Protein chains: 2
Amino acid sequence: MHALPKVITAAVVEDDRGSREALVAALSAVDGFHCSGAFASGEEAVVQLPELLPDVVLMDIQLPGWNGIETIQRLKEKMPGSDFIMLTVLDDEESVFRSLCAGASGYLLKHASVMEILEAIRVVHEGGAAITPDIARLVVRSFQPQSTPGLSHRESEVLGRLCEGENYRSIAEALFISTNTVKAHIKGIYGKLHVNTRAGAVKRALRDRLV
Amino acid sequence: MHALPKVITAAVVEDDRGSREALVAALSAVDGFHCSGAFASGEEAVVQLPELLPDVVLMDIQLPGWNGIETIQRLKEKMPGSDFIMLTVLDDEESVFRSLCAGASGYLLKHASVMEILEAIRVVHEGGAAITPDIARLVVRSFQPQSTPGLSHRESEVLGRLCEGENYRSIAEALFISTNTVKAHIKGIYGKLHVNTRAGAVKRALRDRLV
DNA sequence: GTGTGATCCACCCATATGGGTAATGGCGCA
DNA sequence: TGCGCCATTACCCATATGGGTGGATCACAC
């Protein structure tokens with residue numbers, strides 16, 4: 001099949017006038033793209049964008065009032081079919097993860113070229129995620145196990161079962177030991193994880209991928 | 001600074017002889033790359049690769065004996081400084097996430113061109129992650145909240161606190177309600193989440209990002 | 001105007017959990 | 001050989017938790 005000359009509509013939310021107008025100009029000039037709107041604040045975007053329903057929204061993070069992440073959260077509810085790409089100077093883990101959790105499908109740094117931005121728009125519109133390799137590494141690393149705080153083999157085993165919601169007796173039976181021993185191991189785990197409840201242990205285990 | 005003509009050493013673990021030799025040939029032929037070894041099974045790789053210590057390892061998933069994911073887990077321990085790229089025909093979520101959790105920094109499908117593979121090797125060696133936009137979308141989507149099974153606002157609030165390891169009393173005080181009411185909400189949560197312990201609820205909440 | 005769901009509260013009861021303390025044997029390392 | 005860590009078990013006790021049942025108000029929809 002030969003590529004349909006389908007135009008991708010995109011909108012811009014960016015408080016810096018220069019950047020905003022440059023993006024609008026690029027979207028207007030390049031074949032295959034159309035700029036359906038540009039806004040200087042999240043508040044304006046939230047009231048107007050759901051009407052325009054662009055395919056893709058380019059979003060700055062640092063905005064006056066609602067920041068880009070809050071804005072995306074609100075927009076996602078009203079326009080779940082649209083895709084969002086963060087376009088920001090911030091490259092810290094916090095900003096990246098918060099953006100992705102809020103619903104962004106792409107994350108570009110502002111030194112990206114116009115061509116890269118347009119390519120990113122095309123990518124997310126085709127169902128991909130537009131993240132640069134270094135951002136991707138952050139994301140991928142978050143899947144990998146963190147340094148376990150010296151849990152013994154047995155303790156890891158017990159922790160795994162705690163995470164499954166098993167109780168003393170169930171764990172004891174599975175490991176062929178007494179419930180008292182299970183308690184002893186759990187005490188060890190709590191000490192090493194600096195928690196004192198199952199919920200706390202499960203949270204640490206899942207969040208830090210100790211399991 | 002002008003690019004150092006530093007050679008990146010790479011190894012291949014792939015049971016199909018044709019594919020393996022093609023990769024070795026590419027790595028040997030192209031400037032800037034050097035092939036330090038090729039193996040047809042995980043078992044062979046695990047004994048020999050830690051000696052060769054290549055910068056990057058290309059790993060098939062479907063191998064006889066240990067699969068590529070198990071193999072990476074073992075290799076990561078012995079050579080934490082090396083990077084791993086999966087090179088596979090499998091594109092299901094399961095394989096992707098298992099690979100990343102095992103320590104892969106890249107994930108390519110086998111229809112990738114030789115140039116793309118070499119580029120991926122360069123990328124991971126420079127500290128990035130080599131994943132295609134469609135794989136990236138899977139990964140990014142995993143950060144985003146799943147459909148909450150009809151938890152009420154109050155129940156979400158309580159669930160959030162359960163995940164923090166708070167107990168009845170602590171939650172009750174924070175929300176200015178009685179512990180009995182907290183119990184009532186927790187019962188509601190357990191029902192909707194199909195669990196019957198805190199640990200189970202916390203697990204569901206964190207794994208499915210309902211919080 | 002009746003029903004449904006959210007939110008709030010109370011009481012009973014069996015069991016699970018967390019904390020404290022103590023003891024045994026094995027294993028590796030100094 | 002002694003010290004430390006691990007795995008194992010035991011016992012006591014206060015509190016937390018989960019399940020069952022029942023009832024109140026309020027809002028919103030049919």
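In what follows, chains carry the letters A, B, and so on, assigned in the order in which the sequence lines appear, proteins first and then strands, with residues in each chain numbered from 1. Values in this document were obtained by computation on a predicted structure and should not be read as measured data.
Remark: B:R122 does not engage B:E126 in a salt bridge, criterion side-chain N to carboxylate O under 4.0 Å. B:D208 has no carboxylate O lying under 4.0 Å from a charged side-chain N of B:K203, or vice versa, which leaves the two without a salt bridge.
Neither OP1 nor OP2 of C:dT17 sits under 4.0 Å from any side-chain N or O of A:Y168. In terms of phosphate contacts, B:K187 brings no side-chain nitrogen or oxygen within less than 4.0 Å of OP1 or OP2 of C:dC8. In terms of phosphate contacts, B:H153 brings no side-chain nitrogen or oxygen within less than 4.0 Å of OP1 or OP2 of C:dA6.
Nearest to the side chain of B:S178, among C:dA10, D:dG19, D:dA7, sits C:dA10. Closest approach to the B:R154 side chain among C:dG18, C:dT7, D:dA7 is made by C:dT7 (side chain taken as heavy atoms from C-beta onward). The nucleotide whose nearest atom lies closest to any side-chain atom of B:A184 is, among C:dC9, D:dG18, C:dA6, C:dC9. In the set D:dA10, C:dC12, C:dT7, D:dA10 carries the atom at the smallest distance from any side-chain atom of A:N180. Here the nucleotide nearest the side chain of B:N167, chosen from C:dG20, D:dG18, D:dT17, is D:dT17. Distances from the side chain of B:S152 to the nucleotides C:dT7, D:dA16, C:dG20 place C:dT7 closest. For B:I186, the side-chain atoms get nearest to D:dG18 when compared with the rest of D:dA7, C:dT7, D:dG18. Comparing C:dG18, D:dT8, C:dC8 by their nearest atom to the side chain of B:T181 picks out C:dC8. Of the candidate nucleotides C:dG18, C:dA16, D:dT8, D:dT8 has the atom lying nearest to any side-chain atom of A:I177.
Rounded to whole angstrom, the span from the CD1 atom of A:I171 across to the C1' atom of D:dA7 amounts to 15 Å. Across the protein-nucleic acid pair, B:H185 atom NE2 and D:dG19 atom P stand 17 Å apart, rounded to whole Å.
Projected onto DNA chain C by closest heavy-atom contact, A:G165 and B:L175 fall at different nucleotides, the more 5' of which corresponds to B:L175. Heavy-atom distances to DNA chain C give each of B:T197 and B:K183 a nearest nucleotide, and the one nearer the 5′ end belongs to B:K183.
The two atoms that bring A:P54 and A:S82 nearest to each other are O-OG, 2.7 Å, heavy atoms only.
Residue A:L58 forms a side chain to side chain contact (heavy atoms under 4.5 Å, CB included) with just one option from A:I85, A:V24, A:V13, and that option is A:I85.
Judged by a 6.0 Å distance limit and a 45° cone about the ring axis, A:R204 is not positioned over the six-membered ring of A:Y190.
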